[in-house]
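Reckoned from all heavy atoms, side chains included, excluding hydrogens, waters and symmetry mates. The first residue in the sequence is number 1, and the count goes up from there.
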Amino acid sequence: MRINRSARTRYFTVLGNEVLRDRRLSFTARGLLAYLVSLPDGAREDVRTLADKNPGVGRRGVAKALDELVEYGYYVRRTVRDEGSGQVRTETHVYDTPQADGGAPLPAPAGTGEAEAGKAGASPKESKNPEQEPTHPAPGPTGAEPSGGRAEGTAPTETTLAPMSEATERGSALLSRLGSVEPKLALSSADALALAPLAARWLEAGVSELEARSLLADGLPPVVHSARALVADRLVRKLPAPRSWRDAAAPAAPLVECAECRDPLPRGQQTGICAVCAGAALPVTEAVPVTETVSDRVAALRTVLRARPVTATARGLR
């Protein structure tokens, strides 16, 4: 085929061939990337607005294309902290070349200031009066432990976090990726971990991740004040029934046949003979199908027309 390009001096976007020919991306993802790169800096776009502008793709298609761009580093979300107010916000960056770093981690909070110079482990500047301010309880009998201490011969215990189940880990991962589909529902790591047990119930019920994201992100209000509260409410209120409850009912058991005529017995009767064989009912005769041809039908109509009396108007017409 012949490629025809027109020279442009304004209103155009430059993309490298290695990006437009990146076979890891679908054609939908490449087109979406080209559209996003053509927007001015500071533009506001999400899955809903992109789907409204491309009704042929739909929200699921747009969400899937964005997932591809996120996976290969073209669409990156970074969490930043405002130095003045300390508030945390999420910034979305679109690149015309893939980025390897992905989303940047949350920056560490500001410290409390520099420590005073001095020898580590030294006593404080002001001395204490041991008589007025006792620092330790009076020693007890030899071998006795202070109140609340561990029993003799037992090892000190360490505080460890209980391991999460596989379903809880999958639920936390699902909620962490929810913000890439709908920015209004972006959750922090702590919020995702707190709501992970509720999301695990969805996965245990047989709901796929794509279906869960669609149910949670569909029909959002114009302004979301608390993404965690909204997601928690929808996880409880929109929990689908388990797949086993929604499956079709099991087929009914076959009917038992009569011991004599082999006709099916009424449902609920497991043994014996039917009512006809027992003499309690008359046998049902099979209807003989009536076979009538078109010629028979035409002959019958002619007979009816000939038997009808001829009116005066009909005689005048003749």
*asked:* Using 0.5 Å steps for rounding, measure from the CG atom of Asp67 to the CZ atom of Arg213.
replied: 4.5 Å

*asked:* Side chains of Thr293 and Ser295: any donor to acceptor distance under 3.5 Å?
replied: yes

_Val14: hydrophobic cluster co-members (side-chain, 4.5 Å)_ = Phe12

*Start with the C-alpha distance between Tyr75 and Leu36, add both sets of side-chain angles, then the distance that settles side-chain contact (heavy atoms from CB on, under 4.5 Å), and finish with yes or no.*
CA-CA 10 Å; Tyr75 192 89; Leu36 294 176; 4.1 Å; yes

*Does the pair Leu215 and Glu211 meet the rule for a side-chain contact (heavy atoms from CB on, under 4.5 Å), with working shown?*
CA-CA 6 Å; Leu215 291 174; Glu211 183 180 0; 4.2 Å; yes

Identify each donor-acceptor pair in which a side-chain atom of residues 54-65 lies under 3.5 Å from a protein atom, sequence neighbours left out, and give them as a table.
from, atom 1, to, atom 2, distance (Å)
Asn54, ND2, Leu50, O, 3.0
Arg59, NH1, Asp218, OD1, 3.3

_For a 4.5 angstrom cut-off between non-hydrogen side-chain atoms, does Arg44 reach Pro183?_
no

_Enclosure of Arg21 CZ (heavy-atom neighbours >12, cutoff 6.0 Å)_ = no

*Should Val94 and Tyr72 be regarded as members of a common hydrophobic cluster, given that ILVMFWY residues are connected when their side-chain heavy atoms come within less than 4.5 Å of each other, either directly or indirectly?*
yes

*Any donor and acceptor pair, going by atom type alone, linking the side chain of Ser176 with main-chain N or O of Ser172 inside 3.5 Å?*
yes

*asked:* Membership question, hydrophobic clusters at under 4.5 Å side-chain separation (ILVMFWY): are Phe27 and Leu25 in the same one?
replied: no

*Taking the side chain as C-beta and beyond, is there a heavy-atom pair between Arg77 and Thr79 under 4.5 Å?*
no

*asked:* Can you give me the closest heavy-atom contact between Ala227 and Leu185, atom names plus distance?
replied: CB-CA, 4.0 Å

*Going from CD on Glu71 to CG on Leu66, what distance comes out if it is rounded to the nearest 0.5 angstrom?*
13.0 Å

*Below 4.5 Å, heavy atoms only, C-beta onward: do Leu230 and Pro221 meet side chain to side chain?*
yes

Which pairs would a plain distance check flag for residues 186-203, meaning a side-chain donor or acceptor within less than 3.5 Å of a matching protein atom at least two apart in sequence or in another chain?
from, atom 1, to, atom 2, distance (Å)
Ser188, OG, Asp191, N, 3.3
Ser188, OG, Asp191, OD2, 3.2
Asp191, OD1, Arg228, NH1, 3.1
Trp202, NE1, Leu235, O, 2.8

*asked:* Quick one, His93 and Gln99 - any side-chain contact, counting heavy atoms below 4.5 Å?
replied: no

*Of the non-hydrogen atoms in Glu68 and Ser26, which two are nearest, and what is the gap between them?*
OE1-N, 2.9 Å

*Between CG on residue Asp22 and CG on residue Leu33, distance to nearest 0.5 Å*: 9.5 Å

*Distance from Leu216 atom CG to Lys238 atom NZ, nearest 0.5 Å?*
7.5 Å

*State, yes or no, whether a side-chain contact exists between Arg302 and Val298 at a heavy-atom distance under 4.5 Å.*
yes

*asked:* Under 4.5 Å between side-chain heavy atoms, counting indirect links through other Ile/Leu/Val/Met/Phe/Trp/Tyr residues: same cluster for Leu178 and Leu210 or not?
replied: no

*Kindly say whether Glu91 contributes a backbone atom to a donor-acceptor pair with the side chain of Arg78 at under 3.5 angstrom?*
no

*Roughly how far, to the nearest 0.5 Å, is CG of Asp263 from CD of Glu257?*
8.5 Å

*Might you confirm whether atom CZ of Arg297 has over 12 heavy atoms from other residues, nucleotides or ligands at distances under 6.0 Å?*
no

*Would you say Val47 and Leu69 are hydrophobically clustered, going by side-chain heavy atoms of ILVMFWY under 4.5 Å?*
yes

*Closest approach of Glu182 and Ala217, non-hydrogen atoms and distance?*
CB-CB, 3.9 Å

*For the atom pair CZ (Arg89) and CZ (Arg81), what is the distance rounded to the nearest 0.5 Å?*
11.5 Å

_Counting C-beta onward and ignoring hydrogens, is there a side-chain heavy-atom pair between Arg48 and Leu220 closer than 4.5 Å?_
yes

*Any side-chain donor-acceptor pair under 3.5 Å between Thr49 and Asp46?*
yes

*Does Tyr35 belong to the same Ile/Leu/Val/Met/Phe/Trp/Tyr cluster as Val70, with side-chain heavy atoms less than 4.5 Å apart forming each link?*
yes

